[in-house]
> 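Pasting a structure below so you can have a look.
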There are 2 protein chains.
Amino acid sequence: MYTRAEENYLKCIFHLEQEHKGAVATNAIAQMMSTKASSATDMIQRLADKELVSYRRYKGTTLTKEGIAVAVAVIRKHRLWEVFLVEKLNFQWDEVHEIAEQLEHIQSEELITRLDKFLDHPDYDPHGDPIPDKDGNIKKTEKKVLSEMSKSQHGILVGVRETSGEFLQYLDKRNIAIGTKIKVLGKEFFDGSMIIQVKKEQFFISKKIAENLYIQV
Amino acid sequence: MYTRAEENYLKCIFHLEQEHKGAVATNAIAQMMSTKASSATDMIQRLADKELVSYRRYKGTTLTKEGIAVAVAVIRKHRLWEVFLVEKLNFQWDEVHEIAEQLEHIQSEELITRLDKFLDHPDYDPHGDPIPDKDGNIKKTEKKVLSEMSKSQHGILVGVRETSGEFLQYLDKRNIAIGTKIKVLGKEFFDGSMIIQVKKEQFFISKKIAENLYIQV
DNA sequence: AACTTATTTTAGATTAGACTAAAAATATAC
DNA sequence: GTATATTTTTAGTCTAATCTAAAATAAGTT
Ligand SMILES: [Mn+2]
Ligand SMILES: [Mn+2]
Ligand SMILES: [Mn+2]
Ligand SMILES: [Mn+2]
């Protein structure tokens with residue numbers, strides 16, 4: 001078994017490795033973990049001792065096979081618990097992340113097996129992120145960022161990048177949710193802002209918003 | 001917020017104080033926490049600094065008002081989660097304690113409020129122990145230990161003292177569960193053993209077993 | 001009352017995980 | 001290609017929670 005801190009670092013490194021492909025910088029880890037670079041170095045070296053990451057000083061960090069397995073198992077638990085909170089306890093999708101951050105560390109294989117069954121084996125969490133299966137396989141969905149789409153293209157919202165309360169509430173206010181059909185009516189080259197059609201309504205959205213919406217075309 | 005260790009010590013002291021009425025010995029705490037007396041002393045002194053217990057060296061420990069509130073809140077969470085595990089995830093009553101020991105430390109008022117509602121505001125956990133309400137009130141049930149009952153008295157099983165897997169499985173094997181009607185057919189003065197009637201069957205039970213069954217007459 | 005035993009506390013060490021400040025390595029600029 | 005800036009690591013300190021060994025207090029016995 002690994003400690004809470006170890007699990008959190010591994011999850012963090014996993015996400016950073018996904019994003020930028022290749023070794024992860026110590027500063028990036030420290031920043032995502034809201035800690036100092038020296039603390040991150042310390043933990044990275046302990047993880048390397050346990051062969052959960054491979055690490056060469058000044059060169060960055062990557063997860064080993066075992067490190068990936070641990071990270072993915074934690075992500076599976078996090079997302080299953082988020083589904084539970086939204087589907088069974090009627091939380092809003094912007095309220096569940098903090099609680100799932102705690103629940104993801106509960107240690108019990110059997111619990112997760114039963115929770116998965118109780119939830120009827122969901123494929124995606126409330127934010128549209130895929131739930132890894134028991135063996136750590138993650139369903140790869142070909143989605144693109146809304147900001148990369150061009151005028152008159154359309155698709156459905158399948159995920160969000162940001163999961164902060166403010167952002168999710170922004171979407172709620174405009175009735176934009178996972179599964180909502182979105183069409184690009186216009187795009188401004190100067191600042192990347194867009195006019196989009198959502199159901200019967202049209203909205204102006206900034207590039208920053210568009211960059212945080214994943215669309216399946 | 002208090003640490004996991006602090007919460008566990010407070011819960012432990014609460015239970016010991018219930019049992020023996022009066023200040024709790026350091027050794028008793030150390031034993032229940034599976035740790036050394038010196039470690040217990042150390043934690044007790046920290047809890048005293050935070051005014052969660054009142055403590056006079058060599059004289060023992062009692063919970064303060066705040067200490068009781070924290071302990072009872074943890075017990076409430078523990079028992080609600082046990083109900084969830086048995087009622088919703090179909091665990092057996094002897095399988096839930098370890099997992100609840102972890103879940104009881106999840107920090108979220110809202111989560112517990114919603115869980116309580118989801119479970120339809122249960123009054124008792126799977127072992128027959130009362131679930132404290134939001135304000136920390138615990139329903140007092142007048143129950144007696146089976147070993148203190150005499151020949152030809154009867155009642156229903158409302159709780160168990162021991163919650164080890166072995167003991168609960170022993171009961172399962174004999175179809176004895178919370179709610180089961182039990183009648184004392186005979187009692188041996190020499191060793192306190194009994195013959196009891198459970199439904200259509202009769203069993204011989206030792207004093208040790210009888211001491212761990214709570215009956216409502 | 002003095003001796004013996006059991007309980008409890010103190011002293012000192014250890015580990016995980018964090019911090020600050022300083023040193024070392026790498027990257028960027030002229 | 002040397003100087004400056006940025007990134008990363010090391011060195012040393014801190015706190016929570018644990019331990020062992022030793023000292024202090026309380027309880028029990030003659
Ligand atoms: Mn989340
Ligand atoms: Mn999510
Ligand atoms: Mn329990
Ligand atoms: Mn219980």
Side-chain angles (χ1 to χ4, degrees), chain A residues 1-13 16-17 19-63 66-67 70-71 74 101-102 104-107, chain B residues 1-13 16-17 19-20 22-63 66-67 70-71 74 101-102 104-105 107:
Chain A
M1 286 311 100
Y2 300 102
T3 69
R4 205 154 299 246
E6 286 168 342
E7 287 188 346
N8 284 332
Y9 270 95
L10 291 171
K11 191 163 56 107
C12 164
I13 296 165
L16 290 170
E17 215 175 323
E19 263 186 44
H20 298 305
K21 298 284 176 199
V24 179
T26 300
N27 256 359
I29 295 170
Q31 190 172 1
M32 185 174 267
M33 293 298 294
S34 306
T35 188
K36 298 302 160 79
S38 53
S39 304
T41 298
D42 197 84
M43 178 57 93
I44 291 162
Q45 290 174 344
R46 281 204 304 278
L47 293 175
D49 288 345
K50 298 185 180 182
E51 304 196 42
L52 292 163
V53 302
S54 52
Y55 160 74
R56 288 189 8 259
R57 40 210 265 292
Y58 293 105
K59 298 295 180 187
T61 304
T62 53
L63 293 177
E66 174 66 6
V70 175
V74 175
E101 282 293 306
Q102 299 180 61
E104 72 187 5
H105 300 291
I106 302 292
Q107 307 279 12
Chain B
M1 286 313 99
Y2 301 101
T3 68
R4 205 156 299 245
E6 286 168 341
E7 287 188 346
N8 283 332
Y9 270 95
L10 291 171
K11 191 163 57 105
C12 163
I13 296 166
L16 290 170
E17 215 175 322
E19 262 186 43
H20 297 306
V24 179
T26 300
N27 256 359
I29 296 170
Q31 189 172 4
M32 185 175 267
M33 295 298 294
S34 305
T35 186
K36 297 302 160 76
S38 54
S39 305
T41 298
D42 197 86
M43 177 57 93
I44 291 162
Q45 290 174 344
R46 282 204 304 279
L47 293 175
D49 289 345
K50 299 186 180 181
E51 304 195 42
L52 292 164
V53 301
S54 53
Y55 161 74
R56 288 187 10 260
R57 43 210 263 292
Y58 293 105
K59 299 296 180 185
T61 304
T62 53
L63 293 177
E66 174 67 5
V70 175
V74 174
E101 282 292 308
Q102 299 179 61
E104 72 187 6
H105 301 291
Q107 306 280 10

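Convention: sequence-line order gives letters A, B, ...; per-chain numbering from 1. All values below come from the heavy atoms of this structure, side chains included, with hydrogens, waters and symmetry mates left out. Quick caveat, the model's predicted, so the values are computed rather than measured.
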> How many whole angstroms separate atom CG of A/Asp42 from atom C1' of D/dT10?
10 Å

> I need the CZ-C1' distance between B/Arg56 and D/dA24, as an integer number of Å.
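Taking CZ of B/Arg56 and C1' of D/dA24, I get 17 Å after rounding.
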
> If you count heavy atoms of other groups shown closer than 6.0 angstrom to CD of B/Glu6, is the number above 12?
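Atom CD in B/Glu6 is packed in, count exceeds 12.
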
> Could you measure the distance from the CG atom of B/Leu47 to the OG1 atom of B/Thr61? Nearest 0.5 Å is fine.
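One finds 8.5 Å between CG of B/Leu47 and OG1 of B/Thr61.
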
> Quick check on D/dT6: is either OP1 or OP2 less than 4.0 Å from any side-chain nitrogen or oxygen of A/Tyr58?
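No.
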
> Would you kindly give the CG-to-C1' distance between B/Asp49 and D/dT15, to the nearest whole Å?
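Between C1' of D/dT15 and CG of B/Asp49: 14 Å.
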
> Chain B on DNA chain C: first and last contacting nucleotide, 5' to 3', under 4.0 Å to a heavy atom?
C/dT7 to C/dT10

> Nearest nucleotide by nearest heavy atom, which residue falls closer to the 5' end of DNA chain C, B/Gly60 or A/Arg4?
B/Gly60

> Within the 4.0 Å heavy-atom criterion, would you say A/Ala25 contacts the bases, only the backbone, or no part of the nucleic acid?
sugar-phosphate

> Hey, is CD on A/Gln102 packed in by over 12 heavy atoms from elsewhere, all under 6.0 Å?
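Yes, enclosed.
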
> Could you measure the distance from the CD atom of A/Glu7 to the CG atom of A/Leu10? Nearest 0.5 Å is fine.
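Here the interatomic distance stands at 8.0 Å.
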
> List the steps and the verdict of side-chain contact (heavy atoms from CB on, under 4.5 Å) for B/Glu101 and B/Lys11.
CA-CA 11 Å; B/Glu101 282 292 308; B/Lys11 191 163 57 105; 3.0 Å; yes

> Counting side-chain heavy atoms from CB outward, which of D/dT10, D/dA17, D/dT7 is closest to A/Asn27?
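So the nucleotide nearest the side chain must be D/dT7.
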
> B/Gln45 has an atom CD; how far is it from atom C1' of D/dA17, in whole Å?
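Checked: the CD to C1' distance equals 14 Å.
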
> For B/Tyr55, answer base if it contacts any base atom (sugar-phosphate contacts may also be present), sugar-phosphate if it contacts only those atoms, and nothing otherwise; contact means non-hydrogen atoms under 4.0 Å.
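Result for B/Tyr55 = sugar-phosphate.
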
> Which distance, rounded to the nearest 0.5 Å, do you find between the CG of A/Leu52 and the CZ of A/Arg46?
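One gets 11.5 Å once the value is rounded to the nearest 0.5 Å.
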
> Just wondering, more than 12 heavy atoms not from A/Glu51 lying within 6.0 Å of its CD?
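Count not over threshold, so no.
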
> Which of residues 30-39 of chain A sit near DNA chain C, with a heavy atom under 4.0 Å from it?
A/Thr35, A/Lys36, A/Ser38, A/Ser39

> At 4.0 Å (heavy atoms only), tell me whether A/Thr26 reaches a base, stays on the sugar-phosphate, or touches nothing.
sugar-phosphate

> Taking side-chain hydrogen bond (donor to acceptor under 3.5 Å, both in side chains) as the definition, give me every residue that meets it alongside B/Ser54, ordered by chain and number, with sequence neighbours left out.
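For B/Ser54 the side-chain hydrogen bond (donor to acceptor under 3.5 Å, both in side chains) partners, ignoring immediate neighbours, are B/Thr62.
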
